[in-house]
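Worksheet for the structure shown next.
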Amino acid sequence: STSAAPTVWAMRSLQGRTDGEAPALRIADASIRQNNVFLRDAVLDVQPLVPADIAPPDSADGNLGQIRIDFGDPESEDLEESQAIPEAVASNAHVDSLGRAVPHPYRLTFSTDIVYASSEINTLYGLQGTAQIRFSDLTGAYRLYGGSNLLLDLRNSDYVVGFESLGKRMDWDVQGAHVSRVLETDTLGRSLARYRLYSGSIGLVRPLDRFRRVDARMALLGVSEANLFDPSEPTVSRLLLYPSLTYTYDATEYGAWGVRSGRRGAISLAGVPVTVSGERARFATVLADIRAYATWGRYTFAARASGAASVGTDPQSFYTSGVQGWLNPRVDARSPLPTTGLSGFAFATPILPLRGYSINARQGPYFGLINTEVRVPLARALSLRPLPTLYGLRAVAFADVGAVWGKADNRRFNALSDEPEGRQLDDLLVGVGGGVRGSVFGLPLGVEVAWPFDGVAFGEAQIYIALSSDF
């Protein structure tokens with residue numbers, strides 16, 4: 001093959017030299033040849049030259065690591081082709097005899113990723129705050145994290161610590177956590193109890209492909225209850241083995257304010273097969289959640305179907321809970337909340353969203369729920385310019401149909417019941433309504449109104465002001 005002819009500038013610089021060197025070598029002077037790794041390696045008979053601005057680590061004349069900054073005139077440097085490598089540099093473990101960096105095995109070193117504090121509104125427990133910190137190594141393959149909302153002492157505080165290994169296809173982690181709450185154990189507030197949940201667990205996450213993954217976790221849970229009104233009463237506690245397995249599929253596409261299209265879902269199996277100590281408890285729970293989204297023009301349609309069944313001598317309990325982050329909650333006090341008691345505090349699960357009903361309007365070991373929503377970007381539809389503090393304003397219309405059933409003495413599902421007014425819905429719950437959602441100062445805020453339907457007429461409206469986003 002024929003080599004490309006040198007440029008006009010190169011031909012003028014060569015001035016008639018016809019030796020066999022490439023134009024770049026013929027143009028470069030001795031110092032450039034030795035300082036440029038490509039030219040230096042191309043000429044075998046040229047001795048390498050360590051640049052004058054490399055200094056040993058213990059040099060005291062203005063070092064920045066191993067690089068000495070020299071503000072002198074570079075034209076005054078008299079670099080000879082035969083200059084030898086300084087002995088201090090040649091003996092440095094960080095460079096070889098040619099002055100090039102020597103690779104070393106990677107040494108695990110952690111640095112701080114994030115340190116921040118956050119707060120949230122919990123429908124049952126009110127305002128909560130958490131301080132968190134996370135460390136990771138240089139490659140991001142390992143993480144250490146911790147968080148807490150320390151109160152008076154460790155016994156009354158929440159905290160979590162953990163370690164994650166993310167370097168390979170299968171991720172794994174270990175975690176320890178503690179949760180403490182003081183709750184009323186009857187509807188009249190005549191008794192208070194401190195509940196504590198402490199746990200240690202190990203988890204595995206295996207992605208099957210870009211859209212599917214399998215999660216497995218084995219946890220050892222300890223839960224205790226102490227009567228604060230009568231300290232002489234002994235503390236009751238349990239130690240339980242709690243394994244879980246979850247399959248997740250997610251092929252959704254997000255827009256500016258939430259999911260626009262696609263499908264996602266999960267199915268999980270969890271339970272307590274073994275009671276290590278304390279009163280015996282045994283149950284198994286299957287839970288499924290499937291969601292679908294579609295967008296036509298300005299309208300986004302969302303549908304969700306979820307359900308669970310828990311069986312055993314001490315089954316898991318599910319209860320209606322309105323919407324997530326409900327700021328003005330209403331609690332049905334006709335029966336105690338299922339969050340009390342050892343099993344209730346550890347495993348009771350809220351059903352969200354089921355609008356039109358109060359918290360704890362229904363509870364039981366079985367539930368099914370269907371949610372449908374139509375979402376419209378309000379500012380765009382009305383050609384309005386959003387306020388600087390209000391973004392993503394959108395109107396929402398929804399319908400929720402759910403059922404919660406099952407008791408210790410009767411686990412039969414009853415859709416209808418005979419009442420003096422006629423046949424009405426019994427275990428079946430229906431709510432319809434609408435509202436607006438947006439982002440205020442960066443916080444997702446929604447205001448919605450829902451009416452329950454008993455099969456004959458619509459009931460009293462429920463107003464939901466909540467810090468929550470779309471499902």
Quiz item: Does the side chain of R282 come within less than 4.5 Å of T275's, by heavy atoms?
Solution: no
Quiz prompt | Derivation and outcome, side-chain contact (heavy atoms from CB on, under 4.5 Å), residues I133 and Y145 | solution = CA-CA 6 Å; I133 185 170; Y145 61 90; over 6 Å; no
Quiz prompt | Sequence neighbours excluded, every pair satisfying salt bridge (Lys or Arg N to Asp or Glu O under 4.0 Å) that has a member inside residues 219-238 | solution = R238-E279, R238-D314
Practice problem: Keeping the roles fixed (side chain from T320, backbone from A361), state whether a donor-acceptor pair exists under 3.5 Å. | Solution: yes
Quiz prompt | Any donor-acceptor pair under 3.5 Å from N371 side chain to A303 backbone | solution = no
Quiz item: Taking atom CG of L393 and atom CG of L445, what is their separation to the nearest 0.5 Å?
Solution: 10.5 Å
Quiz item: Rounded to the nearest 0.5 Å, how far apart are OG of S111 and CG of L138?
Solution: 7.5 Å
Quiz item: Is there side-chain contact between R263 and Y249, with at least one heavy-atom pair below 4.5 Å?
Solution: yes
Quiz item: Between the side chain of R260 and the main-chain N/O of T300, is any donor-acceptor distance below 3.5 Å?
Solution: no
Quiz prompt | Donor-acceptor side-chain pairing of E373 and Y293 below 3.5 angstrom | solution = no
Quiz prompt | Heavy-atom pair of closest approach, residues D158 and S180 | solution = OD1-N, 2.9 Å
Quiz item: Crowded around R169 CZ? As in, over 12 foreign heavy atoms under 6.0 Å?
Solution: yes
Self-check item: Trace of the side chain to side chain donor-acceptor pair (under 3.5 Å) decision for Y106 with D137
Solution: CA-CA 11 Å; Y106 175 67; D137 73 316; 3.2 Å; yes
Quiz prompt | Heavy atoms from other residues, nucleotides or ligands near CG of L239 exceed 12 (cutoff 6.0 Å) | solution = yes
Quiz prompt | Side chain proximity check, L220 to V276, heavy atoms < 4.5 angstrom | solution = yes
Quiz item: Shortest non-hydrogen contact from D171 to L166?
Solution: OD1-CA, 3.5 Å
Practice problem: Please tell me if the side chains of L327 and L467 come closer than 4.5 Å, counting only heavy atoms from C-beta onward. | Solution: yes
Quiz item: What closest approach, in Å, do T313 and A281 show between heavy atoms, and which atom pair accounts for it?
Solution: OG1-C, 4.3 Å
Self-check item: Residues forming a ring-ring contact (aromatic ring centres under 6.0 Å, His included) with Y366, sequence neighbours excluded
Solution: W405
Quiz item: Given the rule in the side-chain contact (heavy atoms from CB on, under 4.5 Å) test, do V272 and L241 qualify, once you have shown the distances and angles that lead to the verdict?
Solution: CA-CA 6 Å; V272 176; L241 192 66; 5.8 Å; no
Quiz prompt | Residue pair V161, Q175: steps toward the side-chain contact (heavy atoms from CB on, under 4.5 Å) verdict | solution = CA-CA 6 Å; V161 292; Q175 184 184 97; over 6 Å; no
Self-check item: Non-hydrogen atoms of P273 and G271 that approach each other most closely
Solution: CD-O, 3.5 Å
Practice problem: Using the test ring-ring contact (aromatic ring centres under 6.0 Å, His included), find all partners of F301 that sit at least two apart in sequence or belong to another chain. | Solution: W296
Quiz item: In Å, rounded to the nearest 0.5 Å, how long is the span from OG1 of T246 to CG of D289?
Solution: 11.5 Å
Quiz item: More than 12 foreign heavy atoms under 6.0 Å from CD of Q324: is that the case here?
Solution: no
Quiz item: Distance from S317 atom OG to N360 atom CG, nearest 0.5 Å?
Solution: 8.0 Å
Quiz item: Are more than 12 heavy atoms from other residues, nucleotides or ligands located less than 6.0 Å from atom CZ of F110?
Solution: yes
Quiz item: Is the closest basic N to carboxylate O distance between R134 and E164 below 4.0 Å?
Solution: no
Self-check item: Check against salt bridge (charged side-chain N to carboxylate O under 4.0 Å, His left out), D332 and R362
Solution: CA-CA 9 Å; D332 192 326; R362 297 286 194 281; over 6 Å; no
Quiz item: Could you go step by step and tell me if Y247 and R212 meet the side-chain contact (heavy atoms from CB on, under 4.5 Å) rule?
Solution: CA-CA 7 Å; Y247 169 81; R212 302 177 299 157; 2.9 Å; yes
Quiz item: With sequence neighbours excluded, what pairs up with F318 under the ring-ring contact (aromatic ring centres under 6.0 Å, His included) test?
Solution: F367
Quiz prompt | CD1 (I463) with more than 12 external heavy atoms under 6.0 Å | solution = no
Quiz item: Hey, what do you get for CG (N227) to CZ (F229), rounding to the nearest 0.5 Å?
Solution: 8.0 Å
Quiz prompt | Between S224 and S237, a side-chain donor and acceptor under 3.5 Å | solution = no
Quiz item: What about F345 and Y195, are their ring centers closer than 6.0 Å?
Solution: yes
Quiz item: Looking only at atom types and distance, does a side-chain atom of D400 sit under 3.5 Å from a main-chain N or O of G402, one as donor and one as acceptor?
Solution: no
Self-check item: From Q363 atom CD to T349 atom OG1, the distance as rounded to the nearest 0.5 Å
Solution: 12.5 Å
Quiz prompt | Side-chain heavy atoms of L429 within contact of V401, under 4.5 Å | solution = no
Self-check item: Pairs where residues 448-470 contributes a residue and the test ring pair (Phe, Tyr, Trp, His ring centres under 6.0 Å) is met, not counting sequence neighbours
Solution: W326-Y464, F453-F458
Quiz item: So, the side chain of S201 versus the backbone of S199: is there a donor-acceptor pair under 3.5 Å, distance only?
Solution: no
Quiz prompt | V274 vs L240 side-chain heavy atoms within contact, under 4.5 Å | solution = no
Self-check item: Charged tip of R196 within 45° of Y159 ring normal and under 6.0 Å
Solution: no
Practice problem: Indicate yes or no: at least one non-hydrogen side-chain atom of R217 is less than 4.5 angstrom from one of Y242. | Solution: no
Exercise. State whether the side chain of Y357 and the backbone N or O of V430 hold a donor-acceptor pair below 3.5 Å, judged by distance alone.
Key: yes
Exercise. Check whether any side-chain heavy atom of R181 sits under 4.5 Å from a side-chain heavy atom of R194, and report yes or no.
Key: no
Quiz prompt | Closest non-hydrogen atom pair, S310 against Q316 | solution = OG-N, 2.8 Å
Quiz item: Under the ring-ring contact (aromatic ring centres under 6.0 Å, His included) test, which residues partner F283, sequence neighbours left out?
Solution: F347
Quiz item: Closest heavy-atom contact between A450 and G356?
Solution: CB-N, 3.5 Å
Quiz item: If you count the non-hydrogen atoms of other residues, nucleotides and ligands that lie under 6.0 Å from CZ in R280, is the total more than 12?
Solution: no
